[in-house]
Amino acid sequence: LISHTCGSMAGLRALQMVALRPAPEPRGVPDPQPGPGEVVVKVGAAGACHSDLHVLYELDVSAVWQLPMTLGHETAGWVHALGSGVTGLAEGDPVAVYGAWGCSVCVRCAVGAENYCERPSPVSGGGLGADGGMADYLLVPHQRHLVPLPDGLDPSTAAPLTDAGLTPYHAIRRSWAKLTPDATIVVIGVGGLGHIGVQIARATTAAQVIAVDLKDDALDLARAVGAHHTVRSDSDASQSIRDLTGGRGADVVIDFVGATPTMELARSAARVMGDVTIVGIGGGQIPLSFFSQPYEVIIATTYWGSRPELGELLALAATRQIRTERSLYSLDDGVAAYRDLRDGQVTGRAVVVP
Ligand code: NAD
Ligand code: 9ON
Ligand code: ZN
């Protein structure tokens, strides 16, 4: 297919978003060369995130991103080539790519929270404006975006941790103080993010974990990775969560869907003084009034996580307490990864391995 689409101009492969709405296409791309301070990573694996579907089919990014653009914002691999001035890394080092590329200078970036860069650019990372990791090689614009993998973690295990792991890690970590041993956390949506979220809740807190989804295989996966209870996402779900919490409701609810019904569920299932964190970008909207949620419930959205948090999560994963359920696809079959994700056929994470 690649030789059909691009003839002889290039030998390297990439899965690119070519335009709004159509499926991504495998295309040939030039060999990336690292400029000063840059690093080329040989891609070991790149995860397919549901956000890519929002980008491909729902959000209009054509005014701010130059297309075609290689997809993939969840990547790990090995250092392949170093630009001049890069120190402390060597060819062959296994690395995770921290995907939120900020300005590096503002106060948030200075502490590693480039996900909350205060001088944000429309190009927020590889696969999110710049060429991403669904390719043989990824050009990383600065070595600070690379986190060396701890012993025992290979790139295909690590890739999903950079987003499907890091995003729930950050969302759960910010609510740790409320996740006492007598507390309950509800995870809504047990897909790529949610199934790792369940495990992060189990590994970093002693709280009861309740997982909610529409699909049987997602609920089965939730139990397999440690959820104490599963609840089907329907009109009885809020009452079921109250029943499982002695009538109190959940101390922390994390919504990995972000559709109107899940946002309604999240706030109605919360305990007085609980946290409701909306992570999913499902386009939902809920009206806010004085009585629309229990008193002192804090509702927040979160975006990805910080670079130090990625280091913490990789250290946790190296202890074998986090398992990533993966369906592997070759790069030539990357279109199928997104098709299956769109069709709800993926359990856990679809991961492309070049
Ligand atoms: P996914 O497709 O792998 O998983 C979504 C899961 O939600 C599936 O198991 C699906 O069955 C379930 N679901 C769908 N509708 C539901 C409902 N009404 N009730 C209960 N469960 C329902 O998606 P993902 O890659 O895990 O991403 C989840 C969401 O998080 C997406 O919207 C994605 O764009 C977003 N996201 C946000 C951030 C962030 O930083 N805020 C980062 C990554 C992904
Ligand atoms: O990692 C993701 O999936 C988020 C942070 C990307 C959101 C987007 O669509 O820009
Ligand atoms: Zn993502």
Side-chain angles (χ1 to χ4, degrees), residues 17 46-61 64-65 71-75 97-101 114-116 120 122-129 132-133 159-171 186-198 210-222 230-235 237-238 253-266 269 277-284 300-306 309-310 324-327 337-338 340-351:
M17 175 181 189
C49 180
H50 204 111
S51 295
D52 295 327
L53 297 181
H54 299 315
V55 162
L56 281 160
Y57 300 112
E58 292 157 26
L59 308 171
D60 184 354
V61 295
V64 287
W65 293 355
L71 291 163
H73 56 265
E74 183 181 273
T75 311
V97 180
Y98 175 67
W101 299 348
E114 299 201 26
N115 52 320
Y116 293 140
V123 175
S124 48
L128 296 169
L161 297 174
T162 65
D163 180 17
L166 177 58
T167 303
Y169 183 76
H170 171 71
V186 172
V187 169
I188 305 175
V190 190
L193 273 67
H195 91 284
I196 304 181
V198 165
I210 302 174
V212 180
D213 205 292
L214 296 166
K215 297 192 301 185
D216 285 334
D217 53 358
L219 296 174
D220 292 346
L221 176 61
T230 55
V231 168
R232 192 166 301 281
S233 189
D234 59 21
S235 53
S238 183
V253 185
I254 310 213
D255 179 1
F256 291 109
V257 182
T260 298
T262 58
M263 292 164 70
E264 286 289 6
L265 170 61
T277 305
I278 312 290
V279 174
I281 311 174
T301 55
T302 58
Y303 181 78
W304 225 325
S306 70
E309 286 170 335
L310 178 57
T324 310
E325 178 77 12
R326 282 161 297 161
S327 306
Y338 284 107
D340 292 350
L341 185 61
R342 199 180 184 192
D343 292 347
Q345 297 300 319
V346 173
T347 302
R349 200 56 149 183
V351 175

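Just so you know, ligand 1 is whichever comes first in the structure, and atom 1 is the first atom listed for that ligand. Remember, predicted model here, so these are calculated numbers, not experimental data.
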> Within ligand 1, which atoms have a heavy atom of His50 less than 4.0 Å away?
1 (P), 2 (O), 23 (O), 24 (P), 25 (O), 27 (O), 31 (C), 33 (C), 34 (O)
> So is there a nitrogen or oxygen of Ile188 less than 3.5 Å from a nitrogen or oxygen in ligand 1?
no
> Short N/O distance, under 3.5 Å, between Thr167 and ligand 2?
no
> State whether the shortest distance between N or O atoms of Thr302 and N or O atoms of ligand 1 falls below 3.5 angstrom.
yes
> Could you check Asp217, Asp220, Asp340 and say which one makes a side chain to side chain contact (heavy atoms under 4.5 Å, CB included) with Thr347?
Asp217
> Could you state the interatomic distance from CD1 (Ile196) to CG (Asp163), rounded to the nearest 0.5 Å?
9.0 Å
> Before signing off on this row, confirm whether Trp304 and ligand 2 have an N or O atom pair separated by under 3.5 Å.
no
> Going by heavy atoms, is Cys49 under 4.0 Å from ligand 1?
yes
> Just distances here: any N/O of His54 and N/O of ligand 1 closer than 3.5 Å?
yes
> How far does CG of Leu310 sit from CG of Leu161, to the nearest 0.5 angstrom?
8.0 Å
> Could I get the full list of side-chain hydrogen bond (donor to acceptor under 3.5 Å, both in side chains) partners for Glu58, not counting sequence neighbours?
His54
> Taking Tyr303 for the side chain and Val279 for the main chain, is one N or O donor matched with an acceptor at less than 3.5 Å?
no
> Give a yes or no on whether the backbone of Gly344 and the side-chain of Lys215 come within a donor-acceptor separation of less than 3.5 Å.
yes
> Would you mind listing which atoms of ligand 1 come within a distance below 4.0 Å of any non-hydrogen atom of Thr262?
17 (C), 18 (N), 19 (N)
> Using the Zn ion (ligand 3) as the vertex, how large is the angle between NE2 of His73 and OD2 of Asp163, rounded to 10 degrees?
100°
> Report the member of Thr260, Leu193, Asp216 with the shortest heavy-atom distance to atom 26 (O) of ligand 1.
Leu193
> Give the numbers and elements of all ligand 2 atoms closer than 4.0 Å to a heavy atom of Cys49.
3 (O)
> Between Asp255 (side chain) and Ala266 (backbone), is there a donor-acceptor pair under 3.5 Å?
no
> Output yes when the distance from some N or O of ligand 1 to some N or O of Asp213 is under 3.5 Å, and no in every other case.
yes
> Any idea which of Gly99, Ala218, Gly191 brings a heavy atom closest to atom 5 (C) of ligand 1?
Gly191
> Does the pair Val253 and Ile188 meet the rule for a side chain to side chain contact (heavy atoms under 4.5 Å, CB included), with working shown?
CA-CA 8 Å; Val253 185; Ile188 305 175; 3.7 Å; yes
> Return yes if some donor-acceptor pair links the side-chain N/O of Thr167 with the main-chain N/O of Ala164 below 3.5 Å, else return no.
no
> Starting from atom 5 (C) of ligand 2, locate the nearest protein heavy atom and write down its residue, its atom name and how far away it is, to 0.1 Å.
Tyr303 CE1, 3.0 Å
> When you measure from the side chain of Tyr57 to the backbone N and O of Arg342, does any donor-acceptor pair fall under 3.5 Å?
no
> Distance under 4.0 Å to a non-hydrogen atom of Ile281: what atoms of ligand 2 satisfy this?
7 (C)
> Distance check, rounded to the nearest 0.5 Å: Cys49 atom SG versus Tyr338 atom OH?
8.0 Å
> Counting heavy atoms only, name the option from Ser124, Gly305, Ser51 that's nearest to atom 6 (C) of ligand 2.
Ser51
> Polar-atom distance check: Asp163 versus ligand 1, any N or O pair below 3.5 Å?
no
> If we only count N/O pairs under 3.5 Å, is Ile281 in contact with ligand 1?
yes
> Does only the side chain of His54 get under 4.0 Å from ligand 2, or the backbone, or both, or neither? Count heavy atoms.
neither
> When you measure from the side chain of Trp65 to the backbone of Pro122, do you find a donor-acceptor pair of N or O atoms at a distance under 3.5 Å?
yes
> Where on Leu341 is there a heavy atom closer than 4.0 Å to ligand 1, on the side chain, on the backbone, on both, or on neither?
side chain
> Can you measure from CG (Leu214) to CG (Asp234) and round to the nearest 0.5 angstrom?
8.5 Å
> Number the atoms of ligand 1 from 1 as they appear, then name those within less than 4.0 Å of a heavy atom of Trp304, with their elements.
39 (C), 40 (O)
> Which ligand 1 atoms does Lys215 reach within 4.0 Å, using its non-hydrogen atoms?
9 (O), 11 (O)
> Nearest non-hydrogen contact with atom 34 (O) of ligand 1 belongs to which option: Ala259, Gly47, Ser51?
Ser51
> Relative to ligand 1, is Val279 under 4.0 angstrom through side chain, backbone, both or neither, heavy atoms considered?
both
> Find all atoms of ligand 1 within a distance of less than 4.0 Å from any non-hydrogen atom belonging to Val190, and give their numbers and elements.
9 (O)
> Distance alone, cut at 3.5 Å: any donor-acceptor contact between the side chains of Glu309 and His170?
yes
> Looking at ligand 1, does any of its N/O atoms fall within less than 3.5 Å of an N/O of Gly192?
yes
> Give me the residue, atom name and distance of the protein heavy atom closest to atom 9 (O) of ligand 2.
Val55 CG2, 3.9 Å
> How far is atom 8 (C) of ligand 2 from its nearest protein heavy atom, and which residue and atom name does that atom have?
Leu128 CD2, 4.2 Å
